[in-house]
Student: 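Have a look at this one.
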Number of protein chains: 2
Amino acid sequence: MSNENQLKKNGCSPSHQGCVSMVPIFNHLDEVQMEEIMQTVQSYSFKKGELIYRAGDTSNVLTIVNKGSLRIYRLSESGKEQLVRVLKPGAFTGELALFNETVHENYAEAMEETSVCQITRESLEKLLIKYPSISLKILQALSTRVDESEHQATQFSTESTEQRLASYLVDLLGEGNESMIVTLPMTKKDLASYIGTTPETVSRKLKELEDMKLIKRISSSRIKILDEDNLLFL
Amino acid sequence: MSNENQLKKNGCSPSHQGCVSMVPIFNHLDEVQMEEIMQTVQSYSFKKGELIYRAGDTSNVLTIVNKGSLRIYRLSESGKEQLVRVLKPGAFTGELALFNETVHENYAEAMEETSVCQITRESLEKLLIKYPSISLKILQALSTRVDESEHQATQFSTESTEQRLASYLVDLLGEGNESMIVTLPMTKKDLASYIGTTPETVSRKLKELEDMKLIKRISSSRIKILDEDNLLFL
DNA sequence: GACATTTCTTGATTTGTATCAATTTAGTCG
DNA sequence: CGACTAAATTGATACAAATCAAGAAATGTC
């Protein structure tokens, strides 16, 4: 942990109950088993802007988001920052350093007041042996992440900024959102970093999409999707 | 399997011995255990250009490369192809469709005469329960893949084509290659697709790097690295 | 609620890279 | 081996998006 002075450990708070019962990698187990896992899990909270870990740190814990959100980002060789993904409750990070006994390659930063649970390598390995279904859940999660990340890489290398922005908005919309209104979960600066462009270009492209009557900006962070099909068809 | 007529199944050939004893996810086990796994594994071979699977296919097997190489690529929404990675002996693919019981999102094509081993979901799940260390190996491999893919996405979004090409060449060089000569493992067309550019630009950038005395082209597919440090420092 | 600070937007300009077109080179096969 | 096909190179041009700069809006703070 890179900033021990800043975190609050609350070993027995009820908050990490949720942590176990809520996350996909554990919540398929029964009550007794989850109770057992709770004993092995530590809960911490971070204030906005605090780092859970940074690139280069060694670590032997898996970090699971309980409440709030984490910003996972990388720095390129030339020092530019790229937002890799945003972790919402139930998602985990730190698997690279954990499973490969190596250092972190990315940064995890609290985007708001955020509480996380951490489980050590030893505890997790014991659990994986005792409950192989947990392995399967983590394998599912990781293979999905590989897919998402490769999808993103493909978009970066083959699609225009406009297309990437448009499909990001449609992704945000998700299934069966009647209102057709999406709320941007991050600043435009982070959004730009996430889709691999600059804030200026995001601003301009949003205006273009609005001019084309594909979207309508409701407020600075709320956007109404007017024409989902043509957004994907750019 | 998308082209059953084209593949040759050779159930009892010695080739899939190697398949098990060679791959990182199994070769830490002892002889008897590997023998057991060999019983559950099927071996197939593919000719150059044949597809092992395509996007949209359902599948319940994990495919492990035994000999030869596979080209894993994706098509973007707009139909452009992007080379995601090249699988060499010991590497595996198909985990998304396997673990998530969903369809493939990418294509796997033999780059040359290639033999693979396949293991079904049922067999693998039994093995994972019996030998949890296999889970750990797969978790290691997948978390490394997530890291590599996110690294690539970050490069796409933050680095210039020239920098991406240069760091690709340095990556190819690897550790302790005395000769400082790398051999491109794919056509320039595939290389262009892999680093997210066009063949024309690859050609031009290689010339620029040569003009800068950072590399020297020996033959069409062999390149001598003259100045590793400055290649990374572009 | 007014001030300060960051974020966002808009404009003018530059630049990197894609695209199109034409050779040249390399690879393949009868 | 020469003919054919695909791959690679080179040049000219077009264009998307980054950069630089400045003002507007939003957000946070005392």
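Here the structure is a predicted model, which means the values were calculated and not measured. Order of the sequence lines fixes the chain letters, A, B, ..., with proteins taken first and strands second; residue numbering starts at 1 for each chain.
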Student: Look at A:T201 and D:dA17 and indicate whether a side-chain polar atom (N or O) is within less than 4.0 Å of OP1 or OP2.
Tutor: no

Student: Without decimals, in angstroms, what is the distance between A:K207 NZ and D:dA17 P?
Tutor: 16 Å

Student: Rounded to whole angstrom units, what separation is found between the CD atom of A:E208 and the P atom of D:dA16?
Tutor: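 Answer to the nearest Å: 9 Å.
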
Student: When the distance from CE of B:M111 to P of D:dA7 is rounded to whole Å, what number comes out?
Tutor: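 These atoms are roughly 12 Å apart.
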
Student: Is the shortest distance from a Lys or Arg side-chain nitrogen in B:E208 or B:K205 to a carboxylate oxygen in the other one below 4.0 Å?
Tutor: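 Salt bridge flag = yes for B:K205 with B:E208.
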
Student: Are A:R204 and A:D211 close enough for a salt bridge, meaning some N to O gap below 4.0 Å?
Tutor: no

Student: Tell me the bend of the helix from C:dT9-D:dA22 to C:dG30-D:dC1 as the angle between end helix axes, each from five pairs, rounded to the nearest 10 degrees.
Tutor: 50°

Student: Is the base of C:dG16 touched by the side chain of B:R204 through a donor-acceptor pair closer than 3.5 angstrom?
Tutor: no

Student: Identify, with sequence neighbours excluded, every residue that meets ring pair (Phe, Tyr, Trp, His ring centres under 6.0 Å) alongside B:Y194.
Tutor: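 Listed in chain order: B:Y168.
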
Student: Ignoring backbone atoms, test whether A:R217 places a side-chain nitrogen or oxygen under 4.0 Å from the OP1 or OP2 oxygen of C:dC8.
Tutor: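 For C:dC8, neither OP1 nor OP2 has a side-chain N or O of A:R217 closer than 4.0 Å.
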
Student: Please tell me if A:T161 has a side-chain N or O lying less than 4.0 Å from either OP1 or OP2 of D:dA17.
Tutor: yes

Student: Tell me whether the OP1 or OP2 atom of C:dT17 has a side-chain N or O from B:K205 closer than 4.0 Å.
Tutor: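 Checking C:dT17 against B:K205, a side-chain N or O does come within under 4.0 Å of OP1 or OP2.
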
Student: Should A:S203 be listed as having a side-chain N or O under 4.0 Å from OP1 or OP2 of C:dC8?
Tutor: no

Student: Please report, rounded to the nearest Å, how far the P atom of D:dA18 is from the CG atom of A:L165.
Tutor: 12 Å

Student: Go through the side-chain N and O atoms of B:N60 and B:T58 and say whether any donor and acceptor fall under 3.5 Å apart.
Tutor: no

Student: Looking at the side chain of A:P199, which of D:dA7, C:dA18, C:dT9 is the nearest nucleotide?
Tutor: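 So the nucleotide nearest the side chain must be C:dT9.
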
Student: Check whether any side-chain N or O of A:S203 sits under 3.5 Å from a backbone N or O of A:P199 as a donor-acceptor pair, and report yes or no.
Tutor: no

Student: Please state how far atom NZ in B:K188 lies from atom P in C:dA26, giving the value in whole angstrom units.
Tutor: 10 Å

Student: Output the distance between atom CG (B:L206) and atom NZ (B:K188), rounded to the nearest 0.5 Å.
Tutor: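 That separation rounds to 6.0 Å.
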
Student: What is the separation between atom CD1 on B:I195 and atom P on C:dA18, rounded to the nearest whole Å?
Tutor: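 Interatomic distance, CD1 of B:I195 to P of C:dA18: 9 Å.
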
Student: Among D:dA17, C:dT17, D:dT27, find the nucleotide with the atom closest to the side chain of A:S220.
Tutor: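 Of D:dA17, C:dT17, D:dT27, D:dT27 is nearest to the side chain of A:S220.
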
Student: Between B:E200 (CD) and D:dA7 (P), how many Å, whole number?
Tutor: 13 Å

Student: Side-chain N or O of B:T198 versus OP1/OP2 of C:dA18: is the shortest distance under 4.0 Å?
Tutor: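 Yes, because at least one side-chain N or O of B:T198 sits under 4.0 Å from OP1 or OP2 of C:dA18.
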
Student: May I ask you to say whether A:R145 pairs ionically with A:E148, meaning some side-chain N is under 4.0 Å from a carboxylate O?
Tutor: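 No, no charged N to carboxylate O under 4.0 Å.
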
Student: Starting at atom CD of A:E112, determine the distance to atom P of D:dG28, rounded to an integer number of angstrom.
Tutor: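 Answer to the nearest Å: 12 Å.
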
Student: Could you list the donor-acceptor pairs under 3.5 angstrom formed by side chains in residues 81-88 of chain B, with sequence neighbours left out?
Tutor:
{"from": "B:E81", "atom 1": "OE2", "to": "B:R71", "atom 2": "NH2", "distance (Å)": "2.5"}
{"from": "B:Q82", "atom 1": "OE1", "to": "A:T154", "atom 2": "OG1", "distance (Å)": "2.9"}
{"from": "B:R85", "atom 1": "NE", "to": "A:E150", "atom 2": "OE2", "distance (Å)": "3.2"}

Student: Which residue, B:T197 or A:L206, contacts DNA chain C at a nucleotide closer to its 5' end, judged by nearest heavy atom?
Tutor: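 Counting from the 5' end, the first nearest nucleotide belongs to A:L206.
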
